[in-house]
Trainee: 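Take a look at the following structure, please.
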Amino acid sequence: MNSLTFARARRGLALLAVTACLAGAQPALAADAPPATSEAATLVQPGNNAATFRDVRRGENQSITFQAPADRTLIQASGERWRQLRNGPITVWGGWMLVGVFIALAAFYKLRGKIMLEGKPTGRLIERFNSVERMAHFVLAGCFVLLALSGLTMLFGKHVLLPLMGHTLFGWLAWVAKNLHNLTGPLFFVSTLFFVALFARDNVWQRVDALWIRKAGGLLSGEHVPSWRFNFGEKTWFWIGVTILGLIVGISGLVLDFPGLGQIRQDMQLAHLVHSVGAILFMSLSLGHIYIGTIGMERAIDGMKSGYVDETWALEHHAYWYETARGRKVSKDDDGTHTPAAAPNHH
Amino acid sequence: MARMKFLCDTERCIECNGCVTACKNEHEVPWGVQRRRVVTINDGVVGQEKSLSVACMHCSDAPCMAVCPTDCFYRTEEGVVLHDKDVCIGCGYCFYACPFGAPQFPQSGTFGLRGKMDKCTFCAGGPEEDGSEAEFEKYGKNRLAEGKLPLCAEMCSTKALLAGDAVEVSNIFRERVIRRGGKGVEAIGWSTAYGKGSADADTRAAAATAPVPEKTGGAQ
Amino acid sequence: MNSLRHAALLAASLSLVLLGGCKESPQVLDKKAGEYQGKVDTRPWEGPAYKGDKATWESDLRARSGNQNELRRMPD
């Protein structure tokens, strides 16, 4: 009896030492090959729980007496993966990507300068966006800016703002940012739907877009490529940015915004990864859109500000749209061979 | 001195939920929040049912701390992970990252808006004056400052849940395991909570090499 | 040939930079007495109960930890 107890003690100690040293190793480390199921294991080795904890790692066969707000999972391993992706690539690459786009635009501005009108403005105006369209744009844009700033605060504020303002002030700022983000989000989603419905018709593929792609929009050459109401660059921003990324970010954001609808932690981890990657891409593209709409091109902002653009601007940047607005006919199938009749200055 | 740790022995936990209730009562935690919970594995299956009490394990490399956007967490000298509710914004990231589902959020208002995060403090309060009204309101009792251990462990009727200095706790557990001829896998979460990071490497080494207490014979 | 080597070198260094994004910088900052990672909090033995007597606090806590071991209280 005594020697048996001694042997068991020795064995137990050795195994304990092994498990303590190799922390992180699976319980299956035990010397004897464990039976396949936890049921069989319990019958063969009543004191060995290794098989039971393999069930735990798989998240199987677990229950709880009272429903805690957390679910019945004992240990969720996916949280660690989420943490590594968020704190690693998303924060580091995402951050530098935004900085990189900003620097690239600044360099472009330095090299190319503001894209000026070539002809003289005529003073005759063409309506580009009616009041509903402008309102839809600015509601969406306003939401976007609020969401972008508050979202950036939550992802990068810890590294950028916190060292400057300290925990108390930054905690308050981040609290404002989070609540602003959560309240603006649903409005952003609804206005995205409205915006897409409003502008989808003028953003479909037109033959002349092929010419724009071939000439890269004339961005570098300075050449004016004809287009209808929206050129291919604007269409790219509309479909990839506003529509696809907007809906991805919007839907994943709603999953995070309303936590009481039955989604579990794993759903929210996935939603958060999709949301943050989508948002960083969206913000990178938006920098280009904001640049060209403000300091990048002379009078580009007029259409969104007042609703009207000068005829010269319309002719130079959207020649076919200008032609139709002037009452002339341009074939929808035109691939760029049609040249506008005359510049407005020559009338 | 101490590196504080929790340990739950699955061979002893009888799923009485006494720890859960004691914790709720001691700290008067908000409605809808449970800092500790008991999970049962293979419930109702003869011979396979195992229960465990789980709360914040006060990890060495705490994921909550790593992902917090406002850096509201801190680790005390005893290895207890605490947080500042004045800085917490209730974003829920710690809840996504935590392996044990420890962070809890009281609902505040419509929209499922999360309130400030609440979690097990190892009965160590928070960043307010020890034993003050403000500390109790936000974080519950500070038993550690009174020289006491977490109530959940101290009142556990079967002593399945152990709390305290890592060396003490591992000694108690080792003695137990040797007596019953188990394999030492009856404790759960240790490799997840304390497996990484160097903060407690020396403590673990100490636990692995500490001498076995004398009274190991006579197991009947 | 030279430009090919330059391109390879550039690709290699770029992939190293990108790989750098996968690492995680340590989150635990410096510790100072009575202040934890930039947060102010008194230590457990500095409250009204122990008034800074660390040794007593430690022995009290160790005693309570040991009390959890019923095997030591059990007769042989």
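Chain naming here is simple, since letters A, B, ... match the order of the sequence lines and numbering starts at 1 in each.
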Trainee: How about residues 160-167 of chain A versus chain B: which residues have heavy atoms under 4.5 Å apart?
Mentor: A:Leu162, A:His167
Trainee: Could you give the side-chain donor-acceptor pairs of residues 94-103 of chain B under 3.5 Å, partners two or more places apart or in another chain?
Mentor:
none

Trainee: Could you tell me the separation between the NZ atom of A:Lys178 and the OG1 atom of B:Thr70, rounded to the nearest 0.5 Å?
Mentor: 11.0 Å
Trainee: Hey, is CD on B:Glu26 packed in by over 12 heavy atoms from elsewhere, all under 6.0 Å?
Mentor: yes
Trainee: Rounded to the nearest 0.5 Å, what's the gap from CH2 on A:Trp175 to CG on B:Asp86? Could you check?
Mentor: 12.5 Å
Trainee: For B:Pro63 and A:Glu80, which heavy atoms make the closest approach, and how far apart are they?
Mentor: CG-OE1, 4.0 Å
Trainee: Which atoms of A:His272 are under 4.5 Å from chain B, going by heavy atoms: the side chain, the backbone, both sets, or neither?
Mentor: side chain
Trainee: Going by the salt bridge (charged side-chain N to carboxylate O under 4.0 Å, His left out) test, which pairs reach into residues 266-283 of chain A, not counting sequence neighbours?
Mentor: none
Trainee: Mind checking salt bridge (Lys or Arg N to Asp or Glu O under 4.0 Å) for B:Glu128 and listing every partner two or more places apart, or none if nothing turns up?
Mentor: B:Lys138
Trainee: Using heavy-atom distances under 4.5 Å, tell me whether A:Ala77 contacts chain B through its side chain, its backbone, both, or neither.
Mentor: neither
Trainee: With chain A as the partner, which of B:Val54, B:Asp84, B:Leu52 has the greatest number of non-hydrogen pairs under 4.5 Å?
Mentor: B:Leu52
Trainee: To the nearest 0.5 Å, tell me how far A:Asn179 CG sits from B:Arg114 CZ.
Mentor: 11.5 Å
Trainee: For the residue pair B:Asp71 and A:Phe170, establish whether any side-chain heavy-atom pair is separated by less than 4.5 Å.
Mentor: no
Trainee: Once rounded to the nearest 0.5 Å, what's the spacing between atom CD1 of A:Ile75 and atom CE of B:Met57?
Mentor: 7.5 Å
Trainee: State, to 0.1 Å, how close B:Asp61 and A:Arg83 come at their nearest heavy-atom pair, and which atoms those are.
Mentor: OD1-NH2, 3.0 Å
